[in-house]
Amino acid sequence: MKLLLDTHLLLWAAGSPDQLPIAARQLLEDPQNELLFSAASLWEIAIKRGLGRSDFQVDARVLRRGLLDNGYQELAITSAHAVSIDSLPPIHKDPFDRILVAQATVEGITLLTADALVAQYPGPVRKI
């Protein structure tokens, strides 16, 4: 199964795996699963780190390299992803979460999230 991790799950997987829910750890450790991260997550981390957010202190460059070195695949943002945002219901206003949902929907992959609000979107979104 192809799994796209939301930004917080990526941060936990890379720096604080003990914060991951058990279900998430099991999915990430299953060699049958293909793990992906979005360019949007790195963009979000870089922006929020630049704003001084204490929960976004990781260097996005270092995180990207670590994810790639550990077998994650990068998912670029395409125009198809961008334009599909207009078909999403107005559940969540966060543009980073909305592009992740759009990417999962367009690509037909499962978005893993710990965010109950994001999990309300229809389509391939799974709260863990």
Connected via hydrophobic side-chain network under 4.5 Å: [X] and [Y]:
X    : Y   : answer
W12  : L10 : yes
I128 : L11 : yes
V83  : I99 : no
F37  : L28 : yes
L3   : I77 : no

Measure the shortest side-chain to side-chain distance between [X] and [Y] over non-hydrogen atoms and say whether it is less than 4.5 angstrom.
X    : Y    : answer
I91  : L117 : yes
L35  : Q73  : no
M1   : Q32  : no
D6   : L112 : no
I109 : P124 : no

Under the side-chain contact (heavy atoms from CB on, under 4.5 Å) rule, what do D59 and L63 come out as? Steps first, then yes or no, please. CA-CA 6 Å; D59 183 320; L63 177 60; over 6 Å; no
Please answer whether the main-chain N or O of [Y] pairs with a side-chain N or O of [X] as donor and acceptor at a distance below 3.5 Å.
X    : Y    : value
D30  : Q26  : no
N33  : L27  : yes
T105 : V101 : yes

Does the side-chain contact (heavy atoms from CB on, under 4.5 Å) test come out yes or no for L36 and L5, once each step is laid out? CA-CA 6 Å; L36 294 94; L5 279 68; over 6 Å; no
If you compare all heavy atoms of A39 against all heavy atoms of E74, which two are closest, and at what distance to 0.1 Å? CB-OE2, 4.1 Å
Which heavy atom of N70 sits nearest a heavy atom of G66, and at what distance? ND2-O, 2.7 Å
Crowded around I22 CD1? As in, over 12 foreign heavy atoms under 6.0 Å? no
Which side chain to side chain donor-acceptor pair (under 3.5 Å) pairs, counting each pair once, include a residue from residues 44-53, with sequence neighbours left out? T7-E44, E44-K48, R53-D55
Which pairs count as side chain to side chain donor-acceptor pair (under 3.5 Å) when at least one residue sits in residues 115-128, sequence neighbours excluded? R98-Y121
When rounded to the nearest 0.5 angstrom, what is the spacing between [atom1] in [X] and [atom2] in [Y]?
X    : Y    : atom1 : atom2 : value
L4   : S41  : CG    : OG    : 6.5 Å
L42  : R64  : CG    : CZ    : 7.5 Å
L111 : K2   : CG    : NZ    : 14.5 Å
S38  : L100 : OG    : CG    : 5.0 Å

Scan residues 60-107 for pairs that pass ring pair (Phe, Tyr, Trp, His ring centres under 6.0 Å), counting only residues two or more places apart or in two chains.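 Every pair satisfying ring pair (Phe, Tyr, Trp, His ring centres under 6.0 Å) with a residue in residues 60-107: W43-F96.
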